[in-house]
Amino acid sequence: MARDHANESAPRPNLKDHGREALREHFARDGLPAYRADQVLSWLYGRGVDDIEAMTDLPAQLRDRLAGTWDTRALEIGEVQVSLDGTRKIVLRTRDGEVIESVLIPEERRNTLCVSTQIGCPLACSFCATGKMGMVRNLTVAEIVDQLMRAREVLPEGDLISNIVFMGMGEPLLNLAAVKEAIRIFTDPRYLAMAPRRITVSTSGVVPQIRPLLEIGPINLAVSLHATTDEVRDELVPLNKRFPLDILLGALRDEELISRKRPVFFEYTLMAGTNDSLEDARRLPRLLEGIPGKVNLIPMNPHPDASYQPPSSEVCDAFAAEVHASGLRVTLRRNRGRDIDAACGQLAARGQTRRSAPATDSQD
Ligand code: SAH
Ligand code: SF4
């Protein structure tokens with residue numbers, strides 16, 4: 001019907017674009033009392049109910065009115081791929097037919113969800129599959145929040161997401177307003193009630209946005225370093241030409257919101273012959289002096305769009321040992337989900353199609 005098409009082309013505002021304060025303000029402008037916003041939010045997040053008509057403690061007339069004005073779902077599950085190690089890549093479809101990916105990493109005592117913040121990424125890091133896609137658009141708040149809501153549906157009943165890492169597709173600090181509102185929704189004690197310290201935001205070094213991010217509360221900051229010289233970092237992370245190492249590390253050194261209790265997680269992707277020498281391993285602790293931090297070493301996850309390869313496990317171990325010897329805290333991360341292209345930097349919505357595909361999660 002023509003009317004349906006008109007509706008599709010003019011999307012309605014989404015309730016999940018707003019945290020509690022913002023939704024209360026919206027409702028107030030529509031002459032609705034604040035507690036109605038609270039009721040709606042508790043259906044959406046407390047009970048995971050998206051169907052406004054099913055919100056039975058709202059008067060029928062109000063339900064009709066809200067259902068005529070607002071959308072509640074921003075994403076639908078396209079496909080769930082399960083890795084041999086249990087990692088699940090959730091392929092999600094936006095209302096405008098784009099495809100994004102989230103990665104769910106079940107571990108013994110926690111379930112971590114890796115969320116995307118942009119479709120593609122404008123920063124074009126030379127080793128990253130997302131960077132090779134170019135920039136399509138920022139995700140909306142509802143699209144960020146719905147990644148969590150859809151992932152909860154993939155988990156066995158009763159299981160919760162305990163940790164969120166903003167390490168999927170895109171650069172979170174280039175979509176900061178949406179990322180902050182999503183964090184407000186995740187951490188609102190009335191609804192999803194996630195502890196801020198279970199949330200980590202990773203940036204490739206958008207220096208002016210670091211302080212505004214940290215002001216939201218005691219979340220964790222991860223910084224993608226990947227090199228110990230500007231020459232190499234310019235090649236790997238082109239943003240380094242705008243914010244070179246001394247500017248980036250100087251800003252972190254001066255940042256009062258970073259402390260031993262709230263250290264920076266430095267991500268360092270090891271690439272054979274590029275940044276994996278013992279000289280690099282010795283330079284790294286000197287470079288980070290004065291910044292409370294930990295180093296996470298990640299062997300490069302290879303993919304067809306870049307020629308970088310991971311070093312041998314002996315080289316990775318030797319690099320980690322050298323950094324460790326300096327007294328800096330360091331971990332060498334296992335690769336999860338590599339077999340389904342769900343590991344760090346492999347997300348590129350490869351093979352994306354715009355028709356809907358059935359869920360293929362074999363483990364129900
Ligand atoms: N844009 C943000 C967050 C997303 S990327 C950032 O760059 O920090 C999450 C992490 O994966 C970053 O540290 C990124 O540099 C790293 N990464 C990207 N491609 C990778 C690859 N192919 N192998 C291993 N790590 C990769
Ligand atoms: Fe963007 Fe991060 Fe990939 Fe760089 S590593 S292109 S900043 S998503």
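Just follow the structure's listing: the first ligand is 1, and inside any ligand the first atom is 1.
Taking each heavy atom of M169 and E101 in turn, the nearest pair found is SD-N, 3.8 Å. For the residue pair N296 and T331, the shortest heavy atom distance occurs at OD1-OG1, 2.6 Å.
The protein non-hydrogen atom at the shortest distance from atom 1 (Fe) of ligand 2 is C121 SG, 2.3 Å. Ranking the protein heavy atoms by distance from atom 4 (Fe) of ligand 2 puts C125 SG, 2.3 Å first. Of the protein's non-hydrogen atoms, C128 SG, 2.4 Å is the one closest to atom 3 (Fe) of ligand 2.
Of the polar atoms of P172, none of the N or O atoms is found under 3.5 Å from an N or O of ligand 1, judged by distance alone.
Taking 4.0 Å as the cut-off between side-chain N and carboxylate O, R95 and D71 count as a salt-bridged pair. Contact check on R110 versus E107 returns a salt bridge, with a Lys/Arg side-chain nitrogen under 4.0 Å from an Asp/Glu carboxylate oxygen.
Close approach of ligand 1 to M300 (heavy-atom distance below 4.0 Å) involves ligand atoms 21 (C), 22 (N), 23 (N). Against a heavy-atom cut-off of under 4.0 Å, G131 is close to the following atoms of ligand 2: 6 (S). The ligand atoms of ligand 1 that sit less than 4.0 angstrom from a heavy atom of S202 are 2 (C), 3 (C), 6 (C), 8 (O). The A124 neighbourhood of ligand 2 comprises atoms 6 (S), with distances under 4.0 Å to a heavy atom of that residue. Against a heavy-atom cut-off of under 4.0 Å, E267 is close to the following atoms of ligand 1: 13 (O). The contact set between ligand 2 and S204, taken as ligand atoms under 4.0 Å from a residue heavy atom, comprises 7 (S).
Atom CD of E267 is separated from atom CG of L297 by 9.5 Å, given to the nearest 0.5 angstrom. Rounding to the nearest 0.5 Å gives a distance of 10.0 Å between CZ of R150 and CD1 of I90. Distance check: E279 CD to R283 CZ gives 4.5 Å after rounding to the nearest 0.5 Å.
Closest heavy-atom approach to atom 1 (N) of ligand 1 among the candidates S204, G170, A306: G170. Nearest to atom 16 (C) of ligand 1 by heavy-atom distance, out of L225, T269, V201, T203, is T269. Closest heavy-atom approach to atom 7 (O) of ligand 1 within the set G131, S116, S224: this belongs to S224.
Residue contacts with ligand 2 include G170, since one of its heavy atoms falls under 4.0 Å from the ligand. In this structure, H226 has a heavy atom closer than 4.0 Å to ligand 1. Residue G168 places a heavy atom under 4.0 Å from ligand 1.
Between F127 and H303, the gap from one ring centroid to the other reaches at least 6.0 Å. Between Y268 and F319, a ring centre-to-centre spacing shorter than 6.0 Å is recorded.
Evaluated for a ring-ring contact (aromatic ring centres under 6.0 Å, His included) with H18, the options Y45, W70, F27 yield exactly one hit, W70.
Hydrophobic clustering (ILVMFWY, side-chain heavy atoms < 4.5 Å, transitive): F186 and L221 are in one cluster.
Residue contacts with ligand 1 for F127 involve both N, CA, C or O and side-chain atoms from C-beta outward (heavy atoms, distance under 4.0 Å).
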